[in-house]
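Values reported hereafter were calculated over all heavy atoms of this structure, with side chains retained and with hydrogens, waters and symmetry mates removed.
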Amino acid sequence: MNAAAAAPTQASSPTGGPRLTSLSHGGGCGCKIAPGVLSEILKSSGAASFVPPELMVGIETADDAAVYRLNDTQALVATTDFFMPIVDDPYEFGRIAATNALSDVYAMGGQPIMALALVAMPVNQLPLDVIGAIVRGGQDVCRAAGIPIAGGHTIDSVEPIYGLVAMGLVHPDRVRRNAGAQPGDVLVLGKPLGVGVYSAALKKEQLSDAHYRAMIASTTRLNTPGPLLAALPGVHAITDVTGFGLAGHGLEMARGAGVTVHIDWSRVPLLPGVLELAEAGFITGASGRNWAGYGKDVVLAEGLPAVTQSLITDPQTSGGLLVACAPESVGDVLGVFEREGFGEAAVVGRVEAGPAHLLASKP
């Protein structure tokens with residue numbers, strides 16, 4: 001059966017009320033402000049005007065979280081992430097948002113220790129049990145991560161928004177930034193791409209049940225390999241691939257280290273049916289905004305399929321870790337992913353000396 005041939009059972013609201021996705025203008029990490037716009041905002045904000053010596057990681061390379069050195073053996077990892085619904089099931093929305101928020105702690109090599117909930121809901125449109133299911137989904141993910149939701153903040157909002165402030169700890173020597181990649185490194189991606197394509201098909205009620213289940217499985221899988229990868233001496237950089245897509249987050253890695261990131265597109269794993277859905281036109285608006293924001297620094301080699309641009313910029317919600325490691329450490333990196341349940345992790349490219357841009361090619 002064609003991947004988009006039948007509307008799935010999850011297309012209607014599980015609660016009998018309005019579909020969660022119908023109440024928001026975007027969903028998941030596709031809600032992110034376009035990268036070009038964000039860059040202009042940060043340039044004019046003066047956010048880096050005061051930098052204490054204890055601040056190991058700030059906004060300078062658009063890294064995944066802030067890191068503040070506490071002492072010789074501990075640094076605090078702090079981050080926040082929240083967004084509008086990417087699915088209509090409130091419990092799954094809560095799980096996805098919480099998993100995504102915790103990912104930034106893991107991406108720095110940290111172990112989560114605590115979270116605070118951020119809850120903004122249209123209380124006159126959503127039944128209280130629906131809002132409760134969203135919160136319960138987030139709580140269950142944090143329980144699986146071994147941490148409490150110790151507080152938070154709630155407001156009445158015109159659109160449903162949920163997320164977390166997440167905090168973790170890491171040894172200062174094991175902080176893994178997005179700026180540490182070195183020429184000669186190999187790139188490993190922990191999860192397949194395609195969540196944005198799935199979400200576009202879901203919005204139009206054209207995502208099959210099997211692909212919906214694949215979407216939930218991917219977006220609710222905690223990026224627990226992060227601290228284990230950071231403990232490997234051959235791992236030089238880690239980031240997670242989220243709203244700016246593989247190209248955007250790979251480009252941040254290139255800019256931070258002053259290197260060229262070379263993606264072998266033929267080796268990039270995709271979620272089941274994503275290629276067919278993308279070719280059928282199920283592309284998010286965020287994909288186009290991503291390309292407009294950073295496409296001038298991305299080179300797509302001749303001979304790549306036309307849909308490559310949409311897939312390499314596809315916004316990932318709760319996406320996989322992108323790891324830059326020494327060639328001799330590739331087996332150890334893949335072994336960590338395998339043991340943690342990420343059997344689809346794959347080598348997807350390499351780091352080269354050269355200008356700070358991203359090149360995608362095929363053999």
Side-chain angles (χ1 to χ4, degrees), residues 47-81 98-117 141-152 163-182 185 188 190 221-240 242 249 252-253 256-257 320-326 328-342 345 351:
S49 58
F50 172 64
V51 180
E54 295 84 2
L55 186 64
M56 297 178 63
V57 183
I59 67 169
E60 55 279 354
T61 62
D63 220 323
D64 300 299
V67 181
Y68 189 93
R69 186 186 186 99
L70 299 175
N71 51 53
D72 290 343
T73 60
Q74 291 179 313
L76 177 69
V77 183
T79 183
T80 185
D81 212 312
T99 305
N100 180 76
L102 293 178
S103 181
D104 286 338
V105 175
Y106 291 125
M108 303 304 299
Q111 188 66 44
I113 57 170
M114 182 175 68
L116 306 174
V141 163
C142 287
R143 187 176 296 111
I147 66 169
I149 293 183
L164 300 176
V165 174
M167 286 158 278
L169 290 175
V170 62
H171 192 288
D173 294 341
R174 290 187 176 179
V175 174
R176 290 297 178 266
R177 304 188 57 174
N178 65 358
Q182 301 177 14
D185 279 352
V188 179
R221 188 181 306 160
L222 288 163
N223 275 322
T224 54
L228 301 172
L229 293 167
L232 298 174
V235 170
H236 300 139
I238 305 175
T239 190
D240 62 342
T242 53
H249 294 284
E252 287 176 344
M253 186 178 281
L321 298 177
L322 181 63
V323 181
C325 66
E328 61 269 21
S329 296
V330 170
D332 291 336
V333 168
L334 291 174
V336 168
F337 276 120
E338 179 72 30
R339 289 191 296 275
E340 290 294 301
F342 292 74
V351 178

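With sequence neighbours excluded, the residues forming a side chain to side chain contact (heavy atoms under 4.5 Å, CB included) with Q74 are L70, N71, L169, listed by chain and number. Residues satisfying the side chain to side chain contact (heavy atoms under 4.5 Å, CB included) criterion with A257, sequence neighbours excluded, are A181, V259. Under the side chain to side chain contact (heavy atoms under 4.5 Å, CB included) criterion, D72 pairs with R69, not counting sequence neighbours. Under the rule for a side chain to side chain contact (heavy atoms under 4.5 Å, CB included), the partners of P52 that lie at least two apart in sequence or sit in another chain are F50, E54, L55, Y68. Residues passing the salt bridge (Lys or Arg N to Asp or Glu O under 4.0 Å) test with D63 are R177, sequence neighbours excluded. Every residue two or more places apart in sequence or in another chain was checked for a salt bridge (Lys or Arg N to Asp or Glu O under 4.0 Å) with R339, and none qualifies.
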Checking L164 against C142 for the side-chain contact (heavy atoms from CB on, under 4.5 Å) test, could you report, in this order, the C-alpha distance in whole Å, the side-chain angles of both residues, the deciding distance, and whether it holds?
CA-CA 10 Å; L164 300 176; C142 287; 3.7 Å; yes
Using the rule given for side-chain contact (heavy atoms from CB on, under 4.5 Å), can you reason through Q111 versus I147, listing the C-alpha separation, both sets of side-chain angles and the distance that settles it, and then say yes or no?
CA-CA 10 Å; Q111 188 66 44; I147 66 169; over 6 Å; no
Would you please test V351 and Q182 for side-chain contact (heavy atoms from CB on, under 4.5 Å) and show each step?
CA-CA 7 Å; V351 178; Q182 301 177 14; 5.9 Å; no
Would you sort out whether H249 and T242 count as a side-chain contact (heavy atoms from CB on, under 4.5 Å), showing the intermediate values?
CA-CA 8 Å; H249 294 284; T242 53; 3.2 Å; yes
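At distances below 3.5 Å, at least one donor-acceptor pair connects side-chain atoms of E60 with backbone N or O atoms of G58. Formation of a donor-acceptor pair under 3.5 Å by the N178 side chain with backbone atoms of T61 is found in this model.
Taking all atoms of both residues into account, the shortest heavy-atom contact from P172 to T73 is CD-C, 3.4 Å. Heavy-atom minimum distance, V333 versus C325: CG2-SG, 3.9 Å. Heavy atoms only, all atoms of each residue included: A145 and Y106 are closest at CB-OH, 3.7 Å. The minimum heavy-atom distance linking D64 with A107 is given by the pair OD2-CB, 3.6 Å. The minimum heavy-atom distance between L334 and A345, with the atom names listed, is CD2-O, 3.9 Å. Considering all non-hydrogen atoms of both residues, L116 and A150 come closest at CD2-C, 4.1 Å.
In this structure, F337 and V323 have side chains that are in contact, with non-hydrogen atoms separated by less than 4.5 Å.
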Would you be so kind as to tabulate the donor-acceptor pairs closer than 3.5 Å made by side chains of residues 222-238, with sequence neighbours excluded?
from : atom 1 : to   : atom 2 : distance (Å)
N223 : ND2    : S103 : OG     : 2.8
N223 : ND2    : G319 : O      : 3.0
T224 : OG1    : E340 : OE1    : 2.7
H236 : ND1    : D185 : OD1    : 2.9
H236 : ND1    : D185 : OD2    : 2.9

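For residues 164-174, no pair satisfies side chain to side chain donor-acceptor pair (under 3.5 Å), with sequence neighbours left out.
A side chain to side chain contact (heavy atoms under 4.5 Å, CB included) with M108 is found for one member of T239, V57, V170, T79 and no other, namely V57.
Rounding to the nearest 0.5 angstrom, the gap separating the CZ atom in R176 from the CG atom in L321 is 13.5 Å.
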